[in-house]
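Scroll down for the structure; my scribbles are underneath it.
These numbers come from a predicted model, not from an experiment. Every chain is numbered from 1 and lettered A, B, ... according to where its sequence line falls, protein lines coming before strand lines.
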Protein chains: 2
Amino acid sequence: MTESILIVEDEISLQETLAYSLKKEGYAVEVIGDGRSALESARKMRPDLIILDIMLPEMDGFEVGRILRKEMSAAILMLTARDDEIDRVVGLEVGADDYLTKPFSMRELLARVKAQLRRTRLLREEMRQTGISEPKHETLKFENLTVNLTRREVTLNDEPIQLKPKEYELLLFFAEHKGQMLSREFVLERVWGWDFIGDSRTVDVHIRWLRQKIEKDAANPVRIVTVRGGGYRFEG
Amino acid sequence: MTESILIVEDEISLQETLAYSLKKEGYAVEVIGDGRSALESARKMRPDLIILDIMLPEMDGFEVGRILRKEMSAAILMLTARDDEIDRVVGLEVGADDYLTKPFSMRELLARVKAQLRRTRLLREEMRQTGISEPKHETLKFENLTVNLTRREVTLNDEPIQLKPKEYELLLFFAEHKGQMLSREFVLERVWGWDFIGDSRTVDVHIRWLRQKIEKDAANPVRIVTVRGGGYRFEG
DNA sequence: TGATTTTGTTAAGGTTATGTTAATGACAGG
DNA sequence: CCTGTCATTAACATAACCTTAACAAAATCA
């Protein structure tokens with residue numbers, strides 16, 4: 001399996017240098033010149049790594065990174081021109097996995113690319129060994145509770161129940177992680193989006209509403225139990 | 001639990017700068033000055049990230065990195081003096097996750113540390129991810145005692161037992177260091193956090209509670225034995 | 001043995017985490 | 001522009017928890 005890399009860079013000469021060097025290393029390379037097209041390409045291509053310049057026409061690298069980070073697990077390596085962009089790049093705003101400050105040597109870039117892909121590969125292998133990735137089921141069933149993905153509908157005792165959008169997403173997320181303790185932070189990152197800024201207690205309130213709708217006795221929940229000091233756990 | 005970093009660096013001034021900055025960021029930091037001791041420290045400490053200089057007395061960074069890479073999953077960030085060492089560092093020989101070429105700014109180091117730990121965290125969470133049908137749970141087992149990381153649950157004779165948050169974290173820490181004598185101070189630093197201010201006897205009290213819950217006879221403990229003048233040791 | 005240090009044990013008090021409700025403000029659709 | 005729905009936050013209530021201090025017991029030392 002050859003690994004694929006998407007280069008998002010508008011400077012033609014750099015485009016060519018990068019593409020040439022990476023291809024020579026055996027990667028499948030695609031190049032795109034502006035931010036907006038980058039989104040499309042990435043969605044189609046599902047690359048293993050994205051090399052992303054900050055200065056871009058149409059939509060800057062911050063924004064592109066922010067969006068792609070949410071949508072896929074590809075490693076993101078950002079190219080910055082200025083030192084003071086580092087914090088935004090690696091910090092909460094984008095959450096890039098690595099960065100390079102211009103000017104950089106090709107050797108340096110190749111080294112970082114290699115390191116990132118190495119990590120991704122390890123991750124994938126682990127996931128395969130533990131049998132994690134699998135196709136999404138049409139509906140998830142738990143005794144008298146079902147979550148229908150295609151209809152986006154939840155039933156209790158075969159009766160559809162009315163959930164607010166966030167409640168549905170939350171329940172779905174818990175349902176997909178049955179038996180797993182989920183911290184508020186993890187839930188926020190995955191359901192609300194990694195860039196959510198706000199109080200983690202928000203989760204509590206939504207849990208409360210969910211409980212009222214899916215628990216027999218909301219005051220003594222058995223489906224979504226709280227793990228004090230940790231988070232919550234869906235028991236099915 | 002706070003994330004821990006092992007710094008392997010012989011230059012005193014750099015040691016201090018690194019340790020100071022990283023502690024200020026909230027990490028538990030330990031420093032060691034030569035290659036051979038680094039191995040011991042790393043085995044005991046089980047850090048989340050290792051900052052490893054190449055130039056070291058006793059045993060150079062290449063060798064240390066090569067060995068540790070095999071033994072643990074900690075991220076390795078190497079400090080190189082020369083550009084032409086990059087290939088050896090990141091390539092097959094060591095397999096470091098990242099590197100910095102001296103001289104580097106503290107901001108740059110912090111950014112890379114943050115990015116690495118973020119990845120590690122994500123990777124662990126992914127690994128713990130259950131998938132839809134039957135969860136693959138990461139579990140530590142000791143005869144009739146199990147610690148389930150995924151569920152954040154402890155069972156004794158297959159029956160879940162109720163642990164308070166600190167008790168759970170404490171037991172987990174001991175379980176991860178089976179057979180090792182752990183001083184109160186070390187336990188405090190890693191379980192309570194390096195910035196905990198207070199009496200180390202606090203540990204005793206929690207140990208007591210743990211014993212009541214996991215020992216057959218709490219008055220004559222065999223799982224968590226006390227090492228007089230030293231600390232405690234988990235025997236499994 | 002008697003003195004001293006270390007650890008065991010317990011309970012009280014302050015602290016923190018979670019449950020719960022309501023108010024606020026954002027947003028979409030009419 | 002109004003109306004209704006929803007997400008978020010603040011605020012308060014309650015329950016669980018952690019730390020400390022104090023004394024007891026055990027081990028160590030002189």
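- For B:F196 and C:dT16, the CZ to P distance is 12 Å, given to the nearest whole Å.
- Note: CZ (A:R201) to C1' (C:dT20) measures 9 Å, nearest angstrom.
- No option in A:L145, A:T146, A:L172, A:V154 other than A:L172 meets the side-chain contact (heavy atoms from CB on, under 4.5 Å) test with A:L140.
- In the 5' to 3' direction, nucleotides of DNA chain D lying under 4.0 Å from heavy atoms of chain B begin and end at D:dC17 to D:dT28.
- Checked by atom type and distance alone, the side chain of B:N157 never pairs as donor or acceptor with a backbone atom of B:E159 at under 3.5 Å.
- Non-hydrogen atoms lying under 4.0 Å from DNA chain D are contributed by B:R228, all within residues 224-236 of chain B.
- Evaluation of the side chain to side chain contact (heavy atoms under 4.5 Å, CB included) rule for B:D199 yields B:R201, B:T202 as partners, not counting sequence neighbours.
- Taking atom CZ on B:R184 and atom P on C:dT6, their separation rounds to 10 Å, with Å as the unit.
- Residue pairs meeting the side chain to side chain donor-acceptor pair (under 3.5 Å) criterion with at least one partner in residues 214-231 of chain B, sequence neighbours excluded, are B:N144-B:R223.
- Here the options are B:L14, B:L6, B:V8, B:L22, the test is side-chain contact (heavy atoms from CB on, under 4.5 Å), and the partner is B:I51; only B:L22 passes.
- Between the CG atom of A:L182 and the P atom of C:dT18 there is a distance of 14 Å, given to the nearest Å.
- Between the CD atom of A:Q212 and the P atom of C:dA22 there is a distance of 11 Å, given to the nearest Å.
- Residue B:L210 contributes atom CG, which lies 13 Å from atom P of C:dT9 at whole-angstrom precision.
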Go through the steps to decide whether A:L163 and A:L210 satisfy the test side-chain contact (heavy atoms from CB on, under 4.5 Å), and finish with yes or no.
-> CA-CA 8 Å; A:L163 293 190; A:L210 256 186; 4.2 Å; yes
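- Applying the ring-ring contact (aromatic ring centres under 6.0 Å, His included) rule to A:F174 yields no partners; only residues at least two apart in sequence or on another chain are considered.
- Residue contacts shown for A:W209 include a base, since a base heavy atom lies under 4.0 Å away.
- Taken residue by residue, residues 161-171 of chain B places heavy atoms nearer than 4.0 Å to DNA chain D at B:K164, B:P165, B:K166.
- For the pair A:I197 CD1 and C:dA26 P, the interatomic distance rounds to 16 Å; values are reported in whole Å.
- Under the side chain to side chain contact (heavy atoms under 4.5 Å, CB included) criterion, A:A75 pairs with A:L49, A:D97, A:Q116, A:T120, B:R119, sequence neighbours left out.
- The base of C:dG8 does not come close enough to the side chain of B:R211 for any donor and acceptor atom to sit less than 3.5 Å apart.
- The side chain to side chain donor-acceptor pair (under 3.5 Å) search around B:E16 returns none, not counting sequence neighbours.
- For residues 16-35 of chain B, no pair satisfies ring pair (Phe, Tyr, Trp, His ring centres under 6.0 Å), with sequence neighbours left out.
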Show the distances under 3.5 angstrom between N or O atoms of the protein and N or O atoms of nucleotides 27-30 of chain C.
none

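- Residues forming a side chain to side chain contact (heavy atoms under 4.5 Å, CB included) with B:M181 (at least two apart in sequence, or on another chain): B:V227.
- When rounded to the nearest whole Å, the span between CD1 of A:I207 and P of C:dT18 equals 12 Å.
- Residues B:K164 and B:E169 form no side-chain contact, since every pair of their non-hydrogen atoms from C-beta on lies 4.5 Å or further apart.
- The side chain to side chain donor-acceptor pair (under 3.5 Å) analysis of residues 176-196 of chain B, with sequence neighbours excluded, yields the pairs B:S4-B:R190, B:R184-B:D204, B:R184-B:Y232.
- By the 4.5 Å heavy-atom criterion applied to side chains, A:M59 and A:I67 are counted as neighbours.
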